[in-house]
Peer 1: 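If you scroll down you'll find the structure; I have some questions about it.
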Amino acid sequence: MQNGIAASRGIGIGSICVITEHDLSFENKKIEDTEKEKARFDAAVESFKETTATMAEDIRKRIGPKEAEIMEGHLVMISDPTMAGEMKKMIDVGQCAEAAVTAVCDMFIGMFSTMDDDIMQQRASDVSDIKTSLLKILLGIEDIDISKVAPGTVLVAQDLTPSMTSQIVKENVVGIITEVGGKTSHSAILARALEIPAVLSVPGITEKVKNKDTAIVDGTDGVIFINPEGDVLSRYIIKREEFIKKQAELKSFLGKETKTADGELVELFCNIGTPKDAKKAVECDGEGIGLFRSEFLYMDNNHLPSEEEQFAAYKEAAEIMKGKDVIIRTLDIGGDKDIPYLNMKKEDNPFLGYRAVRYCLGNKDSYITQLRAMIRASAFGKIKIMVPLVTCVEELREVKNMVADIKKDLDSEGIDYDKDIAVGCMIETPAASLIADLLAKEADFFSIGTNDLTQYTMSVDRGNADVAYLYSTFQPSVLRSIKNIIQCGRAAGIPVGMCGEAAADPLMIPLLISFGLTEYSVNPVLVLTARSVIAKWTKAEADALAEKVLAMDTEAEIVAALKEASKE
């Protein structure tokens with residue numbers, strides 16, 4: 001047995017096909033005829049665009065429009081004058097096209113990969129895929145054709161890029177194993193869309209297996225078995241049948257209200273990163289948007305997005321959701337999220353520095369632009385404004401004063417908007433948790449960001465492997481903090497939601513029911529799973545479990561107790 005990252009749920013059993021990547025080394029020769037070399041580069045880019053557009057259309061037909069956006073994103077990136085322009089500048093000074101592509105792509109990969117943000121990590125993967133594809137075209141290397149693998153195949157690769165994954169014929173591939181990648185990589189997203197079990201980041205797997213070996217891929221628990229013994233194989237055949245049955249049962253929750261076993265209604269929302277993601281939320285039966293990350297508008301641009309650009313994006317999401325809640329988080333940058341054209345100063349400790357609401361309040365002109373766009377878009381749906389990284393009452397009051405001033409301006413301009421637009425805040429710092437009772441008097445709603453709340457409460461850098469063992473939402477201190485936040489919100493009569501990863505954790509859900517959480521916001525693909533878990537617990541059962549767990553001293557004890565009580 002080997003462990004990896006559980007990237008796509010399910011059990012796959014089949015015969016291994018090892019995907020061996022071609023050698024992409026090249027001679028970095030000095031170019032004399034730079035115009036001819038730029039023409040060669042342009043031809044490669046056009047070939048890449050044509051192939052990628054074909055892949056995107058194929059994905060749209062076979063999988064869906066949301067997944068097609070991954071390949072369309074590659075087209076947008078290579079069409080960005082910044083990326084292609086930098087490559088041509090290097091050719092102008094005598095670099096060959098291969099060297100220019102490598103240097104510029106590596107620069108972007110380095111920039112994106114250091115950011116502790118799912119969307120930016122995906123950008124790094126996308127740029128790496130673009131780099132590989134362009135080099136293959138320039139070097140005249142035929143791409144690997146995964147579409148021709150035999151039925152019952154388990155694909156094993158160093159990295160299964162989105163362009164490679166897009167060729168997969170669902171009926172032929174029963175599992176995916178890679179040496180790199182994570183849950184949020186685009187390859188993982190495609191694997192989940194295709195409903196193919198996948199385990200990623202298995203060290204050295206390509207060197208440990210050979211073609212025709214038998215493999216078990218457990219994409220739920222993140223484990224694999226190579227040439228398993230008979231008893232293991234028999235056990236996983238049964239486990240696979242149980243999983244298939246369970247997935248069929250989940251479909252019975254489509255169109256149903258989200259409620260506990262004793263009938264207590266809650267709301268089940270979705271986290272999204274772009275307006276088009278709202279379509280996925282609707283498809284997955286989400287009841288609203290609990291977190292719309294607005295950063296994409298800034299990070300996918302080489303300039304500050306205008307009020308009209310932002311208004312159009314927010315309006316699109318609101319209209320897609322047809323009157324359901326759309327909670328938009330105002331710009332959350334700084335820390336690990338840098339936007340080059342903003343020229344943010346370097347900080348020794350950016351996670352404790354000039355970021356999120358602090359940056360926005362220090363750059364009011366651009367913040368007013370964003371707030372105006374949100375408020376104007378509220379005329380087309382139920383938009384709510386959420387302020388990130390609040391640590392004191394003054395910050396929230398200042399934002400609310402800005403909103404009030406903008407409303408007056410819009411009134412004088414005769415522009416329609418929701419006069420009762422809600423302004424709430426994310427509770428994601430120990431400071432905010434400790435004054436949750438005070439913030440609840442000012443906020444229209446709370447949303448708990450468990451990722452940062454855990455990181456700051458435990459003083460743990462999520463990206464530091466040496467202290468990763470401390471990073472757990474089930475730490476007693478974090479659980480007590482979550483309970484306090486919810487109780488303060490409910491005492492003040494405001495809705496309390498959770499948009500961090502813990503909201504979809506089957507072990508955490510009974511505790512959240514007990515604490516009184518009213519809104520869960522999850523990845524769209526987890527909506528039915530979360531709804532099914534919530535439906536298994538009564539409030540009395542959840543309260544009894546929470547009382548037991550909160551009396552425990554350690555994270556290990558708590559997790560063990562929750563696993564024992566699990567109804568999964």
Side-chain angles (χ1 to χ4, degrees), residues 2-5 7-8 12-28 44 47-48 51-52 54-55 58-59 70-71 74 98-99 101-102 105-106 109 113 124-182 185-191 194 196-217 219 222-228:
Q2 289 180 263
N3 294 301
I5 292 174
S8 180
I13 303 172
S15 179
I16 283 176
C17 174
V18 182
I19 307 299
T20 305
E21 274 292 308
H22 295 287
D23 179 12
L24 296 179
S25 59
F26 55 89
E27 182 186 352
N28 191 0
S47 176
F48 169 79
T51 302
T52 304
T54 301
M55 284 183 181
D58 180 56
I59 292 173
I70 294 172
M71 300 311 298
H74 290 192
E98 290 87 347
V101 167
T102 300
C105 286
D106 284 350
I109 291 167
S113 62
S125 176
D126 288 337
V127 176
S128 179
D129 201 7
I130 291 169
K131 169 187 166 184
T132 299
S133 297
L134 284 175
L135 286 177
K136 284 179 181 176
I137 295 168
L138 289 166
L139 296 168
I141 295 171
E142 287 291 323
D143 211 346
I144 298 163
D145 190 354
I146 295 174
S147 66
K148 291 185 170 63
V149 299
T153 293
V154 172
L155 294 175
V156 176
Q158 202 274 331
D159 184 18
L160 209 57
T161 65
S163 59
M164 291 163 68
T165 313
S166 67
Q167 303 170 45
I168 289 175
V169 176
K170 178 181 176 180
E171 292 73 21
N172 294 349
V173 178
V174 297
I176 295 170
I177 308 170
T178 69
E179 291 190 2
V180 300
S185 67
H186 281 151
S187 294
I189 291 168
L190 286 169
L194 289 165
I196 297 173
V199 177
L200 311 185
S201 286
V202 181
I205 188 63
T206 57
E207 301 298 322
K208 297 175 183 176
V209 299
K210 59 183 184 299
N211 289 331
K212 304 300 182 183
D213 279 348
T214 298
I216 296 173
V217 182
V223 297
I224 65 166
F225 297 84
I226 307 300
N227 296 323

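Computed over heavy atoms, backbone and side chain alike; hydrogens, waters and symmetry mates excluded.
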Peer 1: Where is the tightest heavy-atom contact between Ile216 and Pro228, given as atom of each residue plus distance?
Peer 2: CD1-CG, 3.6 Å
Peer 1: When you measure from the side chain of Asn227 to the backbone of Thr214, do you find a donor-acceptor pair of N or O atoms at a distance under 3.5 Å?
Peer 2: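 Yes.
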Peer 1: Could you please spell out the steps behind the side chain to side chain contact (heavy atoms under 4.5 Å, CB included) verdict for Gln158 and Val180?
Peer 2: CA-CA 6 Å; Gln158 202 274 331; Val180 300; 3.5 Å; yes
Peer 1: Could you report the tightest heavy-atom contact between Pro197 and Gly12, atom names first, then the distance?
Peer 2: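 Shortest heavy-atom separation between Pro197 and Gly12 comes out as CG-N, 3.7 Å.
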Peer 1: Could you walk me through whether Lys208 and Gln2 pass the side chain to side chain contact (heavy atoms under 4.5 Å, CB included) check?
Peer 2: CA-CA 11 Å; Lys208 297 175 183 176; Gln2 289 180 263; 3.2 Å; yes
Peer 1: Out of curiosity, Leu194 CG to Ile168 CD1, how far, rounded to the nearest 0.5 Å?
Peer 2: 6.0 Å
Peer 1: Would you check, one step at a time, whether the test side chain to side chain contact (heavy atoms under 4.5 Å, CB included) holds for Ile177 with Leu155?
Peer 2: CA-CA 6 Å; Ile177 308 170; Leu155 294 175; over 6 Å; no
Peer 1: Checking the side chain of Asn3 only, and the main-chain atoms of Val223 only, is there a donor and an acceptor separated by less than 3.5 Å?
Peer 2: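 A pair under 3.5 Å: no.
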Peer 1: Which atom names give the shortest non-hydrogen contact between Ser25 and Leu139, and what distance separates them?
Peer 2: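 Reported closest heavy-atom pair: O-CD1, 4.1 Å.
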Peer 1: Could you tell me whether the side chain of Asp213 and the main chain of Lys210 form a donor-acceptor pair under 3.5 Å?
Peer 2: yes
Peer 1: Side chain to side chain contact (heavy atoms under 4.5 Å, CB included) between Ile19 and Val156: does it pass, once the steps are laid out?
Peer 2: CA-CA 6 Å; Ile19 307 299; Val156 176; over 6 Å; no
Peer 1: Which of these, Thr178, Ile224, Val199, sits in a side-chain contact (heavy atoms from CB on, under 4.5 Å) with Ile205?
Peer 2: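 Only one of Thr178, Ile224, Val199 forms a side-chain contact (heavy atoms from CB on, under 4.5 Å) with Ile205, namely Ile224.
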Peer 1: Mind checking whether Ile226 and Ile16 have side chains closer than 4.5 Å, heavy atoms only?
Peer 2: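 A side-chain contact under 4.5 Å exists here.
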Peer 1: If you measure from CG on Asp126 to NE2 on His74, what distance do you get to the nearest 0.5 Å?
Peer 2: 3.5 Å
Peer 1: Rounded to the nearest 0.5 Å, how far does CG of Leu138 lie from OG of Ser133?
Peer 2: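 The CG atom of Leu138 is 11.0 Å from OG of Ser133, to the nearest 0.5 Å.
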Peer 1: Taking all heavy atoms of Lys170 and all of Ile196, pick out the closest pair and write down the distance.
Peer 2: CA-CD1, 4.4 Å
Peer 1: According to side chain to side chain contact (heavy atoms under 4.5 Å, CB included), who are the partners of Asn28, at least two apart in sequence or on a separate chain?
Peer 2: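 Once residues adjacent in sequence are excluded, the partners of Asn28 under the side chain to side chain contact (heavy atoms under 4.5 Å, CB included) criterion are Phe26, Gln95, Cys96, Ala99.
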Peer 1: Check the side chains of Ser201 and Glu179 for a donor-acceptor pair under 3.5 angstrom, ignoring hydrogens and angles.
Peer 2: no
Peer 1: Atom OG in Ser147, atom CG in Asn172: separation rounded to 0.5 Å?
Peer 2: 9.0 Å
Peer 1: Looking at every non-hydrogen atom in both residues, tell me the closest pair between Leu24 and Lys136 and how far apart they are.
Peer 2: CD2-CG, 3.8 Å
Peer 1: Under 3.5 Å, is there a donor-acceptor pair between the side chain of Thr153 and the main chain of Ala150?
Peer 2: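 Such a contact is found between Thr153 side chain and Ala150 backbone.
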Peer 1: Backbone N or O of Ser47 within a donor-acceptor pair of the Thr51 side chain at under 3.5 Å?
Peer 2: yes
Peer 1: At what distance, to the nearest 0.5 angstrom, does SG of Cys105 lie from CG of Leu134?
Peer 2: 6.5 Å
Peer 1: Rounded at 0.5 Å granularity, tell me how far CG in Leu135 sits from CD in Glu98.
Peer 2: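 It comes to 7.0 Å.
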